Amino acid sequence: MSIRTRSLAVFTALLALGAVPVPARAQAYPNRPITLVIPLPPGGTNDMMARAVADKLSTALGQQVVIENRAAGGSGTVGTRQVAKSTPDGYTLLLGYTSTLATGPSMYRNVGYDPRKDFAPIGLIAVAPALLLVHPSVQVRNVSDLIAMMRAASPAFQVGTPGIGTVNHLASVLFAQQAGVDVQQIPYKGSNPLITDLAGGHVKVGFNPIPVSRAALEGGLIRALAGTSLKRSTLFPDLPTVAESGLPGFDAVLSYGLVAPAGTPQPIIERLNKELRAALATDEVKRRLYQEGAEPMATTPEEHAALIDREESKWSALIKSIGLKPE
């Protein structure tokens with residue numbers, strides 16, 4: 001027996017005994033718990049989106065998907081940067097959404113990541129439209145009537161939003177630009193104070209998310225004129241969209257999805273995408289998302305990457321056009 005043959009035989013024997021370590025990449029994925037980072041405090045819509053799919057992913061992957069809220073500031077951009085710099089091994093994932101991947105890089109100085117280059121998109125979870133709302137005293141039947149009223153108004157019509165730089169604020173800016181009207185932006189410190197003032201008639205028009213608006217809508221304290229997505233909301237099938245009510249192409253939604261650090265092996269991305277799509281196809285997950293006014297949106301990693309690119313281009317251009325300065 002040659003030296004080479006004897007060496008190979010010894011190596012094979014040692015491998016069988018477990019004395020030679022097997023490379024990590026040869027081990028089945030996943031072989032330990034996965035951390036899903038939400039870069040915001042518990043309890044918000046981001047939290048719901050992540051938890052809506054985490055249990056299903058845990059079952060399908062055979063390992064626990066552990067939710068970790070990292071409320072580090074910057075509207076989620078600090079926690080997002082932390083994940084961008086994590087080891088790209090599939091064990092640290094991020095709940096990425098419009099404010100961190102599309103508007104945040106233009107709203108904050110030196111966020112420390114590039115939404116296109118520093119993440120490997122896995123797939124969307126859902127998109128969530130907002131509502132164009134009015135106080136019942138506003139005598140308009142539809143969006144076209146509202147635009148006509150705004151054009152005739154002097155001084156400029158006041159429009160409430162949940163805060164400067166939020167997607168609802170940017171939606172109101174986009175609305176004014178496309179409608180060719182001047183409005184006075186009235187920013188509130190969150191969605192609930194806006195609803196309170198809308199219901200009280202202190203501000204007559206506003207853009208606000210669906211979940212926090214439902215109680216006031218059901219109580220007749222406010223009215224919804226339109227949704228802000230291209231397609232009608234499943235929760236409000238009889239409510240037209242802004243796009244079909246006079247402003248073709250109008251689209252202002254929050255998009256939620258899963259991403260991993262750039263460099264995560266493609267087979268891992270594909271496995272996670274497969275299980276995410278399977279989770280989104282279940283009635284249980286669909287029901288949870290619909291209850292929050294969101295629309296389940298299963299995509300490929302490539303489709304998710306294209307959406308991140310489109311949203312960042314769209315919102316960064318709008319932010320620059322109104323001179324909104326980064327913090």
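Computed from heavy atoms alone, side chains included, the values below leave out hydrogens, waters and symmetry copies. Quantities reported herein were computed from a predicted structural model and do not represent experimental measurements.
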Going by heavy atoms in the side chains, are Arg70 and Gln82 under 4.5 Å from each other? yes

Any chance CG of Asn142 has more than 12 other-residue heavy atoms, nucleotides or ligands included, within less than 6.0 Å? yes

For [X] and [Y], indicate whether the former's side chain and the latter's backbone hold a donor-acceptor pair under 3.5 Å.
X: Asn208; Y: Ser191; answer: yes
X: Asp118; Y: Asp114; answer: yes
X: Glu292; Y: Pro211; answer: no

Name of the residue among Leu225, Leu217, Val205 meeting side-chain contact (heavy atoms from CB on, under 4.5 Å) with Leu133: Leu217

Output the distance between atom [atom1] ([X]) and atom [atom2] ([Y]), rounded to the nearest 0.5 Å.
X: Thr80; Y: Tyr97; atom1: OG1; atom2: OH; answer: 8.0 Å
X: Thr100; Y: Leu95; atom1: OG1; atom2: CG; answer: 8.0 Å
X: Asp251; Y: Leu230; atom1: CG; atom2: CG; answer: 3.5 Å
X: Ile34; Y: Tyr91; atom1: CD1; atom2: OH; answer: 6.5 Å
X: Ser229; Y: Ile210; atom1: OG; atom2: CD1; answer: 7.5 Å
X: Met48; Y: Tyr256; atom1: CE; atom2: OH; answer: 7.5 Å

For residues 299-317, the salt bridge (charged side-chain N to carboxylate O under 4.0 Å, His left out) pairs (sequence neighbours left out) are Arg116-Asp309, Arg116-Glu312

Gln185 side chain to Ser172 side chain, donor-acceptor N/O pair below 3.5 angstrom: yes

Under the criterion side-chain hydrogen bond (donor to acceptor under 3.5 Å, both in side chains), I'd like the reasoning laid out for Tyr188 against Thr196: C-alpha separation, chi angles, the key distance, then a yes or no. CA-CA 10 Å; Tyr188 285 80; Thr196 298; over 6 Å; no

If you compare all heavy atoms of Leu198 against all heavy atoms of His135, which two are closest, and at what distance to 0.1 Å? O-CD2, 2.9 Å

Could you report the tightest heavy-atom contact between Arg232 and Pro237, atom names first, then the distance? NH1-O, 3.1 Å

With a 4.0 Å cut-off, would you call Arg51 and Asp47 a salt bridge? yes

Indicate yes or no: does Glu275 engage Arg271 in a salt bridge with an N to O separation below 4.0 Å. yes

May I ask whether Leu194 and Val183 are part of the same hydrophobic cluster, defined by side-chain heavy atoms of I, L, V, M, F, W, Y residues being less than 4.5 angstrom apart, directly or through others? no

